Amino acid sequence: MPELPEVEVVRRGLEAHALDRVITSVEVLHDRPVRRSPGGASVFAGALVGRTFTAARRRGKYLWLPLSPGSSAPASLPMGAQVDDAVIGHLGMSGQMLVQPVGAPDEKHLRVRFTLADATGARSELRFVDQRMFGGLALSAGGAELPPEIAHIARDLLDPEFDLDDFARRVRRRTSGIKRLLLDQTLVSGVGNIYADEALWRSGLHGERPGDRLTSAQVLELAGHARDVMSQALEQGGTSFDALYVNVNGQSGYFDRSLNAYGREDEPCRRCGTAMLRAAFMNRSSYFCPSCQKPPRARRA
DNA sequence: CAAACTACCTGACTGC
DNA sequence: TGCAGTCAGGTAGTTT
């Protein structure tokens, strides 16, 4: 499951292999991944032919690819509606962006195929592959700046402009459990279930501790741990786009070697030896050490 | 506004 | 062997 480090690897791969090439054709093999694109598959494909991706940018787990100028807005949209300044992408649970030679066998879950031609005319394919289709691609009027569709997504912990003090202030105004707040993309983006559990374990905090019962220092330490876990994963992540397929499938080795909390039910805590627990949380699981991460006392009524 | 819930997806796995 | 059930989980949308 791609989390922020994996998405950053994908962004770098796109930057290296998908920019400054003319899109000569777009084939949408399944409608669902373009479900949020205005006008659907036909507008999506039609608007992109002849255009060029000019950059690969990221906010949290969202990617966007600004486009070279187009001729006009698609006729099927209302007058003045402009939707084709960038392509927004999200990998969801199982999405991959692959660069393949023209004619390489289709992946089982290939959803969208872009054929690209470089200045010499040499062609390649950019493919969006997504088994479970939580992810998707969409046209946006956003352009080079943050597209409006993802304006609600906060900066992430690897972003030099992330405002730690503001984050701590906002967390400490909330009554929800800290794990829920870590996963709230309007407070901080890019933290998924795995890294949330890791950061909480490193901080010795239970995920149900309410935000307003944390000190500023605790929030700052937690954010630091979350940032460290993700930057370490990024360092160990793929170095070449060829390795991307492996990385995006979670086989980079990072998860096997470096996780201290996620997936370790009944295994000894690497700090104190106590058996780790698993608890149901938001239709998924939380893993924690019951000794290092004490649950909060019930709030007085 | 904040909080909490559900829907969306497919495939691997488990138990009968 | 098959079939039903469970689990994985990010985000948008709805409800309270």
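Nothing here was measured: the structure is a model prediction, and the numbers come from that model.
Cluster membership check: Val26(A) does not share its hydrophobic cluster with Val22(A), using side-chain heavy-atom separations under 4.5 Å among Ile, Leu, Val, Met, Phe, Trp and Tyr.
Taking atom CG of Asp184(A) as the reference point, atom C1' of dC1(B) lies 13 Å away to the nearest angstrom. Across the protein-nucleic acid pair, Ile150(A) atom CD1 and dT11(C) atom P stand 11 Å apart, rounded to whole Å. Between Glu265(A) atom CD and dC7(C) atom C1' the separation is 13 Å, expressed in whole Å. In this entry the distance linking CE of Met93(A) with P of dC7(C) reads 15 Å, nearest Å. Phe281(A) has its CZ atom 10 Å from the P atom of dG10(C), to the nearest Å.
Within the nucleic acid shown, Gly92(A) has no heavy atom closer than 4.0 Å to any nucleic acid atom. As judged by a 4.0 angstrom heavy-atom cut-off over every strand, Arg278(A) is placed among residues touching the sugar-phosphate backbone only. Counting any heavy atom pair closer than 4.0 Å across all strands shown, Tyr62(A) reaches sugar-phosphate atoms only and no base atom.
Within the structure, the side chain to side chain donor-acceptor pair (under 3.5 Å) test picks out the following pairs touching residues 27-37 of chain A (sequence neighbours left out): Glu27(A)-Arg113(A).
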Can you list the steps and then say if Leu146(A) with Tyr62(A) is a side chain to side chain contact (heavy atoms under 4.5 Å, CB included)? CA-CA 10 Å; Leu146(A) 185 68; Tyr62(A) 277 95; over 6 Å; no
Which pairs, protein N/O on one side and nucleotides 14-16 of chain C N/O on the other, fall under 3.5 Å?
none

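Under a cutoff of 6.0 Å and an axis angle of 45°, Arg132(A) and Phe134(A) form a cation-pi pair. Relative to the six-membered ring of Trp64(A), Arg11(A) misses at least one condition, a distance below 6.0 Å or an angle of at most 45° to the axis.
Lys61(A) is listed as a side-chain neighbour of Glu3(A), based on a closest heavy-atom distance under 4.5 Å. Considering only heavy atoms from C-beta on, Asp197(A) stays 4.5 Å or farther from Asn260(A) through its side chain.
Minimum atom distance to the side chain of Ser285(A) is reached by dA8(C), of the listed dG10(C), dA8(C), dA3(B).
Note on the helix from dA2(B)-dT16(C) to dC16(B)-dG2(C): angle between the axes of the first and last five pairs equals 50°, rounded to 10 degrees.
A search for ring-ring contact (aromatic ring centres under 6.0 Å, His included) contacts involving Phe167(A) returns Phe162(A), not counting sequence neighbours. Residues passing the side chain to side chain donor-acceptor pair (under 3.5 Å) test with Thr52(A): none are found, sequence neighbours excluded.
The OG atom of Ser25(A) sits 11.0 Å away from atom CG of Leu48(A), with the distance rounded to the nearest 0.5 Å.
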Generate the contact string for nucleotides 4-12 of chain B. Rules: B means base contact, S means sugar-phosphate contact only, - means no protein heavy atom under 4.0 Å. S-B-BBBS-
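Proximity of the aromatic rings of Phe53(A) and Phe114(A) is defined here by a centroid distance below 6.0 angstrom, and this criterion is met.
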